[in-house]
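A, B, ... follow the sequence lines: proteins, then strands. Residue 1 opens every chain. The figures that follow rest on heavy atoms only: side chains count, while hydrogens, waters and symmetry mates do not.
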Amino acid sequence: MPNPRRIAATGRSSRFRYGKFTARVTAGALALSLVAACNGPAAPSAGGSAEVPASATNQTLTVGVATLQQQYADPVLANEGGNTYPIKWSVGEPLIRQELDMRQVPALATEWSVSTDDLTWDVKLREGVKMHDGSTFTAKDVQTSINRVKDPAFTSYAAYVKKIASVEIVNDYEIKIKTTVPYANLVFDTPAPVATDYYNRVGEAEFRKKPVAAGPWKFDSQVFNDSMTLTRFDDFWDKDRIANFSKLVLKIIPDESSRLSGIQTGQLDIAQGLTPNSAAQLQGSPTIKLVTSKQASVANVFFVDNWFEADSKLKDVNVRKALMLAIDRKAIADSLYRGFGTVTVNATLPVTLGNDTSLQAWPYDPNQAKQLLAAAGASNLSFTLHLYNQTTAIADVQKFAEAVIGYWKEIGVNVTMDAMDPATYLDKAVKHQLTGAVILGTPGLLISDPEKLSIFYTSTGGYSAVKNAELDGMFARLSSTVKRDDQAKIAGEISRKLHETLYGLPVVSLDAVYAIGPKVAAWNLMEGNPYPGPFWHLDAK
Amino acid sequence: MTRYTLSRLLQGLVAMWVIVTIVFFLARLGGDAAALLAPPDATPEQIAAIRLSYGFDQPLHLQYVDYLRGIVTLDFGQSVSYRQPVVDLVIPAMVNTARLALAAFVIALVLGVTFGAIAGVRAGTRYDQAVRGLSVLGQSVPPFWLGMLLVLLFSINLGWLPAFGSEGFTSLILPACALAAFPLASIARLTRSSVLEIVARDQTLFERSKGVGPATLMSHILRNASLPVVTLAGIQLGAMFSGTIVVENLFAWPGVGQLAIQGIQARDFALIQGIVVVNTFVFVALLFVVDLSYGWLDPRVRAVKSAVKSKVGANVEAAA
Amino acid sequence: MLEISNLTTHYFQGGQVATAVRGVSLTLNKGLATAIVGESGSGKSTVAMSVMRMIRPPIGDIAEGTIRVNGTDVTAASPKRMREILRTSIGFVPQDPTTALDPLYTIRSQIVEAMPHVERNKRTETIVELLTSLGIADARDRLREHPHQFSGGMRQRVAIAIALAKEPDLLIADEPTTALDVTTQIGILRLLDRLRRERHLTTMFITHDIRVARLVCQDVAVMYGGVVVESGPLSAVVEAPSHPYTQALLDASSLDVGPRQRLRAISGSPPTLLSMPSGCPFAPRCPNATDICRSEMPATTRKADGSSFACWNPVAS
């Protein structure tokens, strides 16, 4: 068995009974005198010991996912945020991939180096790799993929394309890519190679419907808003990541209670995206186990007043600090999130490159908070907290907001809650139409790259909460630095700076919770990843 | 009859055009789609490129002409979010919705008319009270809650039926039942009151005076009572065809409702337009069928032509 | 042919029991037309509906008495037996053919339903013959037409065809001309009279208009407040009414009244079903009423001319 970390089922014995799902169906259950389905004895926290047969060829595993976003089968298109990644990671195989601990490791590239001016990348490619159509992978397939995304329709590659100067094939297994500016993540960001001959033969439209790439899973078929079916690719170059079963169905089930039903009826083998309350319902089931990806996303409060010129008490770091000290984050993590949450130390997570591990979490100290407020002359502080009423990034986001507002009220801060639908909210946030404070989730997967924090902390970032020249400078230096070690140093500085300035409060980080059924023998999750997949070390019984 | 049919057809086409046009302009009032499609850190040049590639740079009236031409040739353009031709998305979704809607409709119609008719004929009895009570319940129970209850009972506890999915007959049963509850209840209520009204009419007394059996009597009552029910049923079916987001969501049913939500969230013009056009078409077609069925059920509706004849009849009468 | 004895019929109205007919006894002579005359609410239609057993719970019920049609007591007949009697013995002509005919069915199919005994292939011929004999021209061409394509008078002829299709012994006509144009009324009345004679139909002719009754009927029963106050041969009753109500009715509809002469109306209004006096129902409006009238129901008295009446203080002849 090659994988050190086997399933860690959460064996906690807490039995809360008044969860969201419970409340919604309890009345009906009582009316019909039904007995809740999962009332067996508490299961031991096993999982790691399950036997994994070498082959379970005829098995199909079905994963119930909340969303696959636009459901692109094409691993190159599937770059529109984490919910499309299951395909990016399954059908596609990139040049560099992330390991389960989010380290970047070689995939179809074996070596890469950058010229002294930091502008020309020389990438050596893996030999003997088969594509899904049986063709052999070469440098041409990398070039084809890069040329494809030059079409502005590939919106998620716009920033990438802007920095590409030229692509030159040295030989079948070596390629040179020139950039216009130093671009540390160039190789990592390069789209997954696609089978050139096939692409040229069928054309763009057909390729999107039936892509051919080099990932561990072949695209088989899809029904929009229903499911995507993948089959195992037996000739995948990395034998460790070939599953022992033949078919993987990603079934889109937007409603959480339906995913919960699915895992209970056995229609699903894995249910993704469970809120802590539903997860608590499954605890104690003899057949269903819970697995978690720790600290998969952070629930943040950003003080967006810092982006505007106008005066605001929230521009005072002591006020922001007071607001941080006022929140009993441990209580939120343990009660609201039933232990599936952790007090976040800093805006950068353990999975973030260069994260300063010496930093200490801000304590819960309402008395000091009150003193700080009084000293800052902000004792009767009031502002509006804006939020989306639903998001996959933060479970029970409205309850979270209520809890935070409750703690602030205890130190005399009066906060109005303003919840709206996600589309409206994110649109307003991007356009800086919100003042006061906003709630946003930051997926661990995203901010494993510290540069991505610039979205929130530089003056031109998409969800920018602050205009601060010092931070702008740090992120500028970070993005023009290509050496990993240098990047880590700058990221460490950023990490400390964010910790002390508190433009955003990383309140708690939440685990991604999956329920897995009896047909699953083993599954290793990617640390800090709130999105489904990658389905690499997943095996059937 | 042909004239009647033609005028209905024309009305339908005009209705379609109006709706299709409204949708076109409404969707464009919602904001800059190109900016929305672009990543948060996109430059103005990138946004301009996106605008160009989707034709958003064209003057509005040219976009509109293109749009109308597209509809006529069943080409609704490309979905900007799914990056697929809209037709390939909407038609399969419509087929799925139709399957669910028709199944629910059959349940609602057969049971609704049966329960309603018996309740109407036996007005005041316990059976009638039960039907009335249940139809109030059926109309007030949220489909979401009913669906969850059905899943809890038939999927989780009894294990008889799948909790969701869209393959095979068994997966159709629970969502169809959840969806059928409301129209069933309203059809039952309307059938009951309609039957009650027909039963009280002279024509029923006269029919009974013939000494006909219960089957013949019932067929007279039901056919007369069916006129308002047909209207209601048509509207209910139309509503079900336009997608039932709640039930589709709960049962992970890949129908038009879910597609519409995705389209709206992504401000996917082409997709929203495609859905609305296809939906409008279905709705107009349904109303057309409902109108035609009036003519079939009620000879008075197709009476225009025979007005002459009845005048002749009156003259004969006067002469006699 | 039709013998009603001691019939009492109730209606159930919102939990209350309303007595529409109280102890009515009436015999219809075979082959003759008997008018049942009375104001609305007098119970005259209820008698007809009771004969056809159209009053059943939850609407109402026959509480007492027997109704013999050709010797069979319909009050005791099973629903199946009752349908058979309706199908073979009783023809019904409705008040308003516009509301009585089913607008959605062709007239042929509506007539066919009333003639199950006729062989399938002879039905069209029989119907055409029947309709023609009732004065409907082009009957054959009009079989596929619907009621709305006919004029009011023609509709009533269709309704009469339905009543006659079963070749009944008893014909019940419930104000058959009230809803028609004045010009067509007389035609229908003549038709009914002719049919009675040709087919030896025992006819129950319900009307509020004693003048109409005089045109087509031989016998009469005058009803007031759910009871028969006077009955017998029409000529005898008209010539020498004994009951003050009959007298008043005749006065009110007098054919001798000349132009500009005032018709005498009956003062007061008829009792409602729920407030029926315990004595003679006409007592509150009766000019001859005495104390006994208000407390006790008068017995029926037979007269030499074959008529009978129920009154404590009959009109002096």
**Message:** Run the side chain to side chain contact (heavy atoms under 4.5 Å, CB included) test against B/Gln129 and tell me which residues pass, sequence neighbours left out.
**Reply:** B/Arg126
**Fill in**
Of C/Met49, C/Met82, C/Glu113, the largest count of non-hydrogen pairs under 4.5 angstrom with chain B goes to C/Glu113
**Item:** C/Arg56 atom CZ, over 12 foreign heavy atoms within 6.0 Å
**Value:** yes
**Asked** Does atom CZ of B/Phe281 have more than 12 heavy-atom neighbours, drawn from other residues, nucleotides or ligands, at distances under 6.0 Å?
**Response** no
**Asked** Checking C/Met54 against chain B: side chain, backbone, both or neither under 4.5 Å from a heavy atom?
**Response** both
**Message:** A side-chain contact here means heavy atoms from C-beta on lying under 4.5 Å apart; do B/Leu297 and C/Leu104 qualify?
**Reply:** no
**Message:** Applying side chain to side chain contact (heavy atoms under 4.5 Å, CB included), can you list everything that pairs with C/Ala76, at least two apart in sequence or on another chain?
**Reply:** C/Asp73
**Item:** C/Gln110 versus chain B, the contacting section by heavy-atom distance below 4.5 Å
**Value:** both
**Complete:** Comparing C/Ala114, C/Gly187, C/Pro103, C/Ala163 against chain B, the one with the most heavy-atom pairs below 4.5 Å turns out to be C/Pro103
**Message:** If I measure from the heavy atoms of chain C, does B/Ser226 come under 4.5 Å with its side chain, its backbone, both, or neither?
**Reply:** neither
**Message:** Check this for me: C/Arg190, atom CZ, are more than 12 non-hydrogen atoms of other residues, nucleotides or ligands nearer than 6.0 Å?
**Reply:** no
**Within-4.5 Å side-chain heavy-atom neighbours: C/Pro116 and B/Val212** = no
**Request:** Mark yes when over 12 heavy atoms from residues, nucleotides or ligands other than C/Arg123 sit less than 6.0 Å from its CZ; otherwise mark no.
**Result:** yes
**Message:** Applying a heavy-atom distance below 4.5 Å, give me the residues of residues 181-211 of chain B that approach chain C, sorted by number.
**Reply:** B/Asp202, B/Gln203, B/Leu205, B/Phe206, B/Glu207, B/Arg208, B/Ser209, B/Lys210, B/Gly211
**Message:** I need the contact set between residues 99-114 of chain B and chain C: heavy-atom distance under 4.5 Å, sorted by residue number.
**Reply:** none
**Message:** I need the residue from C/Ile90, C/Ile162, C/Ile59, C/Thr183 with the largest number of non-hydrogen atom pairs under 4.5 Å to chain B.
**Reply:** C/Ile162
**Request:** Considering only heavy atoms and a distance below 4.5 Å, find which of C/Ala159, C/Gly91, C/Pro168 pairs most often with chain B.
**Result:** C/Ala159
